[in-house]
Asks: 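I'd like to ask you about the structure that follows.
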Amino acid sequence: MRYRWLGSALLVLAGACAAGCGGGSSAASGGPTTSVTPVGSTTPTPTPTPSPTGPNGIASLAPTVALSKVSAAAAGQTSVHITGTVAQGKDTLGLDVQAGLTSGQGTLHLGGGRVTLRLTNGTIYLNGDVKGLIGLGFPKATATATANQWIGAQAAATSLSALLNFTDLVKSIVTPNGKVVAGRTTTVNGISVYTLVDKTKNGGTLYIATTGEPLPVQVVNAKPREKLSFSQWGAPISVTVPPKVIPVPSSVTSAAP
């Protein structure tokens, strides 16, 4: 499987900021496992939703049937924690994000810098250092002037929200580029897993838990240097709304497509 949607989302990042900024919107609130924490409150420790234990039989299924089972299991969750790296040309994007049905948060590392993201109530916020903002396409002067400040954009008008949107993430995780064949049983970080392999050129390997629900544990694309790990399926996500949001810089707006 080649999960290259991340690159597509990042290409429109600067344009996402220009799509519209503000302190929030009237979007629907999160579901039962998603909450918004007011500034200054304590964020609870995420607790995964309990799931049955014991062998799930995923390794005995035909590849297409197994992938269907994985897709259904993942779609039945409400959130996931993703960490890893994705190739971006000659560079590497590092990410650590929590994605939920209507909210999410996380950090990207690119261009030698850092960008923090938060999604809640229909608004996505970003806060980056100079190198991180330049890596997103901000002009150097604008990146310097807006570094370490929060910028908000309406999530519905951008593609950036795909980085924190659970539904988009799950679809990308379980959608291969081509024919999928059976792999083998092994372990990842002490977890028993079964693999499905995308036979497309530069395709990857999806690692699926063999006990409990057949949920993705990891995906690896060796040639393009991509490796993503998945955990805390169904855990609550608590997002804090930034206390101050600045307007979109005119230099970013004028540069947007």
Side-chain angles (χ1 to χ4, degrees), residues 6 9-10 12-31 33-46 78-83 93-111 113-166 168-169 232 235-253 255-256:
L6 287 168
L10 288 173
V12 298
L13 190 49
C17 296
C21 287
S25 76
S26 59
S29 60
T33 62
T34 302
S35 61
V36 178
T37 301
V39 176
S41 63
T42 302
T43 300
T45 301
T78 55
S79 65
V80 65
H81 182 203
I82 302 179
T83 60
L93 164 70
L95 71 159
D96 184 338
V97 301
Q98 291 176 294
L101 293 174
T102 58
S103 67
Q105 60 189 343
T107 302
L108 309 179
H109 294 278
L110 69 166
R114 178 270 317 161
V115 176
T116 299
L117 303 174
R118 297 180 189 177
L119 171 66
T120 185
N121 291 337
T123 299
I124 190 159
Y125 306 92
L126 70 90
N127 181 311
D129 57 24
V130 175
K131 289 184 178 180
L133 293 177
I134 291 176
L136 295 181
F138 280 55
K140 184 176 181 180
T142 303
T144 301
T146 59
N148 303 310
Q149 300 181 70
W150 287 101
I151 300 173
Q154 295 302 306
T158 77
S159 296
L160 174 59
S161 58
L163 289 166
L164 301 175
N165 183 280
F166 179 77
D168 291 341
L169 282 165
Q232 298 181 35
I237 300 176
S238 186
V239 181
T240 300
V241 177
K244 181 179 180 181
V245 180
I246 66 172
V248 180
S250 59
S251 58
V252 176
T253 304

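Any value given below was found using the heavy atoms of this structure, including those in side chains, with hydrogens, waters and symmetry copies removed.
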Asks: Just how far is it from atom CG of Leu163 to atom CG of Leu93, taken to the nearest 0.5 Å?
Replies: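 Output value for this atom pair is 8.0 Å.
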Asks: Sequence neighbours excluded, which residues qualify as side-chain contact (heavy atoms from CB on, under 4.5 Å) partners of His81?
Replies: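 Partners of His81 by the side-chain contact (heavy atoms from CB on, under 4.5 Å) criterion, ordered by chain and then number, come out as Thr83, Asp96, Gln98, Ser231, Gln232.
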Asks: Looking at side-chain heavy atoms only, is the closest gap between Val80 and Phe166 below 4.5 Å?
Replies: yes
Asks: So how far is it from Ile151 CD1 to Phe138 CZ, rounded to the nearest 0.5 Å?
Replies: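 These two atoms lie 4.0 Å from each other.
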Asks: Roughly how far, to the nearest 0.5 Å, is CZ of Arg118 from CG of Leu164?
Replies: 11.5 Å
Asks: Quick one: side-chain contact (heavy atoms from CB on, under 4.5 Å) partners of Lys244, sequence neighbours excluded?
Replies: none
Asks: Would you name the heavy atoms of Asp129 and Ala147 that are closest together and state the gap between them?
Replies: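 Smallest heavy-atom distance, with atoms named: C-CB, 4.1 Å.
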Asks: Gln154 versus Thr123: any side-chain heavy-atom pair under 4.5 Å?
Replies: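 Of all side-chain heavy-atom pairs linking Thr123 with Gln154, at least one is under 4.5 Å.
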Asks: How many angstroms lie between atom CG of Leu117 and atom OG1 of Thr107, to the nearest 0.5 angstrom?
Replies: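 Between atom CG of Leu117 and atom OG1 of Thr107 there are 7.5 Å.
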Asks: Distance-only, no hydrogens or angles: does the Ser79 side chain make a donor-acceptor pair with backbone N or O of Ala235 under 3.5 Å?
Replies: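 Side chain of Ser79 to backbone of Ala235, a donor-acceptor pair under 3.5 Å: yes, one is there.
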Asks: To the nearest 0.5 Å, tell me how far Leu133 CG sits from Leu110 CG.
Replies: 9.0 Å
Asks: Work out which heavy atom in Ile134 is nearest to a heavy atom in Ala143; give both atom names and the distance.
Replies: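 Scanning both residues, the minimum pair turns out to be CG1-CB, 3.7 Å.
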Asks: Please report the interatomic distance CG(Leu169) to CD1(Ile82), rounded to the nearest 0.5 Å.
Replies: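 That separation rounds to 4.0 Å.
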Asks: Excluding sequence neighbours, so at least two apart, what forms side chain to side chain donor-acceptor pair (under 3.5 Å) with Asn127?
Replies: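 Per chain and number, Asn127 pairs via side chain to side chain donor-acceptor pair (under 3.5 Å) with Arg114.
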Asks: Can you name the nearest heavy-atom pair linking Ala155 to Leu119, along with the distance?
Replies: CB-CD1, 3.5 Å
